[in-house]
There are 2 protein chains.
Amino acid sequence: MAERGRPRGFDADAALDRAVEVFWRQGYEGASLSDLTDAMGINRTSMYAAYGNKEELFRRAVNRYAEADMAYAREALTRPTGYAVIAAFLHANVDAITRADRPAGCLSVQGGLADGGDNGRVAEFLAASRLTGEQALADRLSRAVAEGDLPADTDPVALARYVMVVSEGNAVHAAAGAERAALHATVDIALRAVPGHAAADADA
Amino acid sequence: MAERGRPRGFDADAALDRAVEVFWRQGYEGASLSDLTDAMGINRTSMYAAYGNKEELFRRAVNRYAEADMAYAREALTRPTGYAVIAAFLHANVDAITRADRPAGCLSVQGGLADGGDNGRVAEFLAASRLTGEQALADRLSRAVAEGDLPADTDPVALARYVMVVSEGNAVHAAAGAERAALHATVDIALRAVPGHAAADADA
DNA sequence: GTTCTTCAGTACCGAACGGTACAGAAACCC
DNA sequence: GGGTTTCTGTACCGTTCGGTACTGAAGAAC
């Protein structure tokens, strides 16, 4: 069936991209509806009609962010070995959180950490969103153990958590203005803890 | 000279401790003046007379947090070797951000990351506060290189940044409800990247 | 062309925000 | 005890918050 009535006068996905950027730069609480609608180029009423409310807009923005701006993470999972997956993910992550044409840092970290006030649900939602990625990585590393390119005694869950910890810590640094090269250097150090790093994992 | 007029009816330091906890749990923006003064047990006017305004109260709260709740960091710097310093710091950090009687995570991380809205100065202040600790660690590691207990080609600045990245990533995880044991396991992995880890640093 | 549905925009809602004026009370100095 | 100084408490300031009626206009179906 065709859509009745007057069709929407703006591109909902394009507007969502603008919302992503505002939330990314200012966080959930710091982004007011006026900030959002101004950036999206639409009216307050149109926003409510299209997305429901501010929290729902944020959830959709985060989902879109996970799809578009974190595509590198899914790409990294396709690398042939556990070590290659981790190295690709961490280096691509650094590039993503230090892009000149995007806000510094990571939306799913600086969007909201504290659980006080009206954004308790938001912090939970972001935590769950991050955990999804962590579990996907753990699954991939588990397969790497099964395939033998990670040592048999490797704990894939713990290793995945370590990798995410490094990426989140880098995001905090990036939000504070750290240089891209510095964060790549951090990754180079971090990778020394990963089984498969050249001659650096004699024990484990 | 003795103090003139009616003396203050509350303990300013004790009240500040309460404020630390509110900011820690709810972040700068998420903590309203009513939340703060209720927890501090004092009146709105008394708070303004004693601390100036909300942002100044936050700065003092962060400074007190750095003194009291992060004493473990200064203690860690006294360990005899670079590796021991890092191991002590990271493990003590995990305990600090997962204390049952305190909010989860780290005030200087979740206090405010985004620079939007009215808290741009706050994010900058926190970043500077974190950088102070990072530089103190870098100085200590530089001494470790000079003293020979870290390899001569170690970059103390990069290594200090790596350590802080791990601690900040752990703080993000802790704020999301991660278990203490899991974060200690993360630290155990992270330490494998540090020169001096048992037989694990063949290269570098 | 008529009707109906959905859009866009203004103007507004009550509530909460950070911050302050003002009045009264309490403790010091003399 | 008088005078002064500083604290405490209430009540309020203007602003901004997220969210919503309500008015027109625009387009599709018939």
Side-chain angles (χ1 to χ4, degrees), chain A residues 1-16 18-19 22-23 25-62 111-112 114 116-123 125, chain B residues 1-16 18-19 22-23 25-62 111-112 114 116-123 125:
Chain A
M1 63 178 66
E3 313 168 27
R4 307 272 309 210
R6 176 179 174 180
R8 181 175 287 146
F10 61 94
D11 183 339
D13 281 339
L16 198 53
R18 309 288 187 83
V22 174
F23 280 128
R25 184 171 282 113
Q26 306 185 202
Y28 177 75
E29 284 187 318
S32 74
L33 279 185
S34 298
D35 293 335
L36 291 163
T37 53
D38 284 356
M40 297 167 83
I42 67 176
N43 200 279
R44 212 179 185 76
T45 318
S46 304
M47 193 284 284
Y48 274 94
Y51 306 96
N53 58 21
K54 186 188 178 184
E55 186 171 338
E56 189 61 30
L57 173 64
F58 181 75
R59 290 174 128 91
R60 294 212 206 180
V62 171
D118 55 342
N119 63 337
R121 316 283 300 273
V122 165
F125 175 73
Chain B
M1 61 179 68
E3 312 167 29
R4 305 274 306 210
R6 178 179 174 177
R8 182 176 286 145
F10 61 94
D11 182 337
D13 282 338
L16 197 53
R18 309 288 188 84
V22 175
F23 280 128
R25 184 170 283 113
Q26 307 185 203
Y28 177 74
E29 285 186 317
S32 74
L33 279 184
S34 297
D35 292 334
L36 291 164
T37 52
D38 284 356
M40 296 168 83
I42 66 176
N43 201 280
R44 215 180 185 74
T45 317
S46 304
M47 193 283 285
Y48 274 93
Y51 306 96
N53 57 21
K54 186 187 178 185
E55 185 171 338
E56 189 62 31
L57 173 64
F58 181 75
R59 291 175 128 91
R60 294 212 206 180
V62 172
D118 54 342
N119 61 337
R121 316 284 301 273
V122 166
F125 175 74

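For the numbers below, each heavy atom of this structure counts, side chains included, while hydrogens, waters and symmetry mates do not. Every chain is numbered from 1, with letters handed out A, B, ... down the list of sequences. On a predicted model such as this, the values are computed, not experimentally measured, just so you know.
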For A:Y48, does the six-membered ring have the charged nitrogen or CZ of A:K54 within the cation-pi criterion, i.e. under 6.0 angstrom from the centroid and within 45° of the normal?
no
Please identify each residue that fulfils side-chain hydrogen bond (donor to acceptor under 3.5 Å, both in side chains) with B:S32, with sequence neighbours left out.
B:D35
Euclidean distance, atom CZ of residue B:F10 to atom C1' of D:dG9 [Å, nearest integer]
13 Å
Which whole-number value in Å describes the distance from A:F23 CZ to D:dG18 C1'?
12 Å
Heavy atom of residues 39-50 of chain A under 4.0 Å from DNA chain D: which residues?
A:R44, A:T45, A:Y48
Here the distance between atom P of D:dG18 and atom CZ of A:R121, to the nearest Å, is 17 Å
Protein-nucleotide distance (A:D38, atom CG; C:dG9, atom C1'), rounded to Å
14 Å
note: A:Q26, atom CD; D:dG18, atom P; distance rounded to Å ~ 11 Å
For A:G52 and for A:S32, find the nucleotide of DNA chain D with the closest heavy atom, then tell me which residue's nucleotide is more 5'.
A:S32
Please pick, from D:dC17, D:dG19, C:dG19, the nucleotide with the shortest atom-to-atom distance to any side-chain atom of B:N53.
C:dG19
Rounded to whole angstrom units, what separation is found between the CD atom of A:E29 and the P atom of C:dA16?
15 Å
Non-neighbouring partners of B:R59 that pass salt bridge (Lys or Arg N to Asp or Glu O under 4.0 Å), sequence neighbours left out
B:E55
Which residues pass the side chain to side chain contact (heavy atoms under 4.5 Å, CB included) test with A:A31, sequence neighbours left out?
A:V22, A:F23, A:Q26, A:L36
For atom CD of A:E56 and atom P of D:dG19, their distance in whole Å:
11 Å
I need the minimum non-hydrogen distance between B:G30 and A:E29, along with the two atoms involved.
N-OE1, 3.4 Å
Whole-Å distance, A:Y51 OH to D:dG18 P, equals 17 Å
Checking B:D11 now: which residues fulfil side chain to side chain contact (heavy atoms under 4.5 Å, CB included) with it, not counting sequence neighbours?
B:D13, B:A14
